[in-house]
Each structure stands twice: as C-alpha cells, then as structure tokens.
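Shown next, in structure tokens, is the structure this report addresses.
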Amino acid sequence: MNIKDLSPGELEKFVADKGLEPFRARQIGKWLYRKGARSFEEMTDLSKGTRELLKSAFSAGDAMELAEEQISTDGTRKFLFKLLDGKQIESVLIPEKGRHTLCVSSQVGCALGCTFCLTGTIGKIRNLTPSEILDQYILVNRYTGGSVTNIVFMGMGEPLDNLGNLVRALKTMTDENFLGLSPKRITVSTSGIVPRIKELGEQVSVNLAVSLNAPRDELRDVIMPINKKYPIKELIKASVKFPVPPRKALMFEYVLLSKVNDSDRDAYDLGHLLSGINCKVNLIPFNEAGPLPYRSPTRERVLSFQEILMSFGLNVRIRKSRGSDILGACGQLAAEYPARKIKGEKSAARVVV
Ligand code: SAH
Ligand code: SF4
C-alpha cells in the first residue's frame with residue numbers, strides 16, 4: 001500500500017496505533033506533500049526505527065509514471081500516466097490567465113455510459129486509489145515547476161462512484177498540514193449519483209459541478225442512463241443542499257448536442273428549472289470524439305441558447321473548448337482504449353515525452 005492512500009485522519013490513527021507521538025503524522029505529511037519525499041529514508045527527522053516501521057508497512061514512491069505528454073496548439077497539455085498495474089489514465093492541464101487548472105481522473109474508464117462521452121464507451125475498468133488521484137497533481141506540479149493552481153475532477157470517471165477514495169484524496173488536498181489547497185480551488189463534477197452528493201457534502205466542502213445536460217427526464221434518461229435511477233427533480237434537490245465553500249455557487253454543466261438538447265424549447269425548460277437557484281451555468285458545446293453519434297451546434301445556436309437562459313436572470317458562461325486537437329477536451333479522454341487509434345489521425349499536436 002502507498003502511504004498516500006491514507007487520509008490525514010487515517011495516518012494519525014496509524015501513528016497512534018503504533019505508539020508514536022501524534023505530531024509524527026504531520027511530520028510525515030510535510031515530507032510527502034511539501035518537500036516531495038519519495039522514500040522514507042529521506043525523512044531524516046524521524047528515527048531510524050520509525051522509518052523502518054513505515055517502510056515495512058507502506059511504499060512512499062510515485063503511484064504512476066508519466067508515459068507521454070501532448071501539447072495542444074492552444075497551450076493545453078495532456079499527460080498520459082501509466083499506473084503500476086499497466087493501466088493508463090489521462091490528466092489535462094489548462095493554462096489560463098491567472099490560473100492553471102488541472103483536470104484529473106477518478107477512475108480508469110467509467111461505468112455510467114453517457115452516450116456523448118468517450119470515457120463512457122470504455123466501461124469501468126477500476127477505481128483509482130487515493131495515491132493515484134493525488135499523484136496526478138503531484139507529478140504534474142513537479143514536472144511543470146509547481147504551476148497548478150486549481151483542480152477539477154472532470155477527467156476520466158465518475159468521482160462519486162469512487163467516493164471513499166475521492167474523499168481521502170480531497171482531505172489530503174485540503175488539510176493545511178498536508179497539501180493545503182483551498183477548497184475554493186477544487187471542483188468535483190458529477191453526473192448525479194444523488195445519495196452520494198449528500199454523503200460527499202457531509203465529509204468535505206468543495207465546489208460542486210453537476211452535469212445536467214438535459215432539462216427533461218425523458219431526454220436525460222436517453223443520454224445519461226443514471227437519470228433513470230435518479231431523476232432531475234431529485235438531483236436538483238440534493239445539489240442545492242450541497243455545502244459549497246463561502247461565496248461560491250453551485251455549477252450546472254450542460255453539454256450542447258446539436259438537434260438533441262439545444263433547441264429554444266430546451267433552453268426555456270432549463271431556464272424554468274434553474275431560475276431562482278443560486279448557481280452558475282456552464283454551456284459546453286459538444287467536443288466531437290471519434291465514433292460518438294453527435295455534432296456540435298453552430299455558434300449562433302449556442303449564443304441563442306445562452307441568451308434565453310440569461311433572460312431568466314441566470315449567470316451563463318460558454319466554455320471554450322481547450323485541447324481538442326489532442327483529444328484533451330471534456331469527454332474526449334480514453335487513454336489507450338478506443339481513442340488511441342483516433343489520436344493517430346490528428347497531427348496538430350506535439351508529442352513531447
Ligand atoms: N463523470 C463526471 C466527470 C467527468 S465528465 C461527470 O459526468 O460530471 C466531465 C464533463 O465533461 C461533464 O460535464 C460531461 O457532461 C462533459 N462531457 C462528456 N463528454 C463530452 C463531450 N464529448 N463534449 C463535451 N463535454 C463532454
Ligand atoms: Fe462517466 Fe461523466 Fe463520461 Fe458520463 S460524462 S460516462 S459520468 S465520465
């Protein structure tokens with residue numbers, strides 16, 4: 001087991017169970033997350049006995065290695081990581097003025113099968129461990145000279161289908177003695193596993209993005225099968241109760257699929273559904289990804305859709321597609337699976353590692 005798989009609380013418990021002083025947990029956390037230690041030998045302010053004890057129980061090394069980096073013509077960087085069992089995942093770094101957002105994966109593949117998402121076509125291979133979630137951030141930061149400012153769980157997988165490990169990683173990220181990131185700079189995106197939204201909110205306060213993508217159940221049932229289990233009304237009810245950080249608003253994401261969910265009627269229905277809720281709406285024009293049977297709407301369609309929503313007093317942004325030439329945009333991540341072949345056809349990107 002990797003020691004980064006333990007949450008701060010679990011590490012404290014381990015330390016207590018072994019009869020060590022409580023502050024040892026913070027000391028180990030500092031070595032791992034502030035000083036970049038990758039072995040227990042480096043932790044020179046621990047006694048030799050303590051180091052031996054840790055070494056017999058855990059590894060402290062990287063949970064993955066960087067296999068490849070691709071850089072988009074727009075500056076977006078996609079990292080392919082090889083996990084210790086040979087499985088592969090991707091993370092995407094999106095540089096913008098004033099912030100560098102890392103989009104991390106929570107699973108290898110995804111079980112939820114949304115019909116517009118390339119990751120969904122793979123099916124779920126397995127959950128990521130907490131150390132595999134954290135190391136996407138740690139390795140990209142190490143490789144890019146500490147540039148990451150924000151983290152979004154919008155890569156491969158459904159974070160709430162891996163809740164235990166997600167929460168462990170989030171606790172390590174936000175604990176001031178560990179990675180010490182502000183919860184305001186972390187966003188978890190979910191397709192809407194309703195009871196888990198409540199469970200997540202009981203354990204952490206971070207930003208929540210809900211992938212709504214349709215304003216009516218009969219349409220959402222088709223493009224997001226999870227809706228048959230947890231319909232829109234229940235999803236919204238749970239989402240508005242989620243404890244986002246102070247002065248932050250709940251976010252709803254809406255992937256616009258041409259002639260599927262982008263009509264004026266859809267916009268009005270969505271406006272009625274969300275009006276009065278303190279939220280931000282993010283419109284994501286569909287990123288075309290290989291075999292998926294959808295098209296991106298025209299710019300005019302996207303703008304009319306936005307205008308209708310704004311007439312309801314909603315705060316609506318259109319998300320710029322980033323990194324689509326390297327299949328690094330939302331919904332295009334599939335690591336070595338079907339996407340590999342598609343990727344070969346595109347040549348705009350630069351492959352570095
Ligand atoms: N499983 C989580 C997080 C990963 S998907 C979720 O579904 O929210 C992150 C975002 O990408 C979601 O909002 C999803 O709706 C969107 N997305 C998926 N496929 C897409 C595509 N082909 N084009 C644009 N956005 C897509
Ligand atoms: Fe999974 Fe999210 Fe893709 Fe749906 S959109 S298949 S939940 S990763």
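All ligand and atom numbering here is 1-based and tracks the order in the structure.
- Close approach of ligand 2 to G120 (heavy-atom distance below 4.0 Å) involves ligand atoms 6 (S).
- Residue G155 approaches ligand 1 through these ligand atoms, each under 4.0 Å from one of its heavy atoms: 4 (C).
- Residue-ligand proximity, T190 to ligand 1, at heavy-atom distances under 4.0 Å covers atoms 6 (C), 8 (O).
- Between V260 and the choices N213, T115, L219, the side-chain contact (heavy atoms from CB on, under 4.5 Å) rule is met once, by L219.
- Under the 4.5 Å side-chain criterion, counting only non-hydrogen atoms from C-beta, Q306 is not in contact with V281.
- In the vicinity of S191, heavy-atom distances shorter than 4.0 Å reach the ligand 2 atoms 7 (S).
- Within the 2.8 Å limit, C114 places no N, O or S atom next to atom 3 (Fe) of ligand 2.
- A salt bridge is defined here as a Lys NZ or Arg NE, NH1 or NH2 lying under 4.0 Å from an Asp or Glu carboxylate O, and R301 with D264 meets this definition.
- The distance from ligand 1 to the heavy atoms of F153 drops below 4.0 Å at these ligand atoms: 3 (C).
- For R317, the CZ atom counts as loosely surrounded, since its 6.0 Å shell holds 12 or fewer non-hydrogen atoms of other residues, nucleotides or ligands.
- Contacts with ligand 1 closer than 4.0 Å are made by side-chain heavy atoms of E253 only, the backbone lying farther away.
- The I284 neighbourhood of ligand 1 comprises atoms 24 (C), 25 (N), with distances under 4.0 Å to a heavy atom of that residue.
- Under a 3.5 Å cut-off, the side chain of S296 and the backbone N or O of F286 do form a donor-acceptor pair.
- The closest approach between a heavy atom of S211 and any atom of ligand 2 is not below 4.0 Å.
- Per-atom contact check: atom 2 (Fe) of ligand 2 does not touch the protein, criterion being a heavy-atom distance below 4.0 Å.
- Listed for the N162 side chain is a donor-acceptor partner under 3.5 Å among the backbone atoms of S106.
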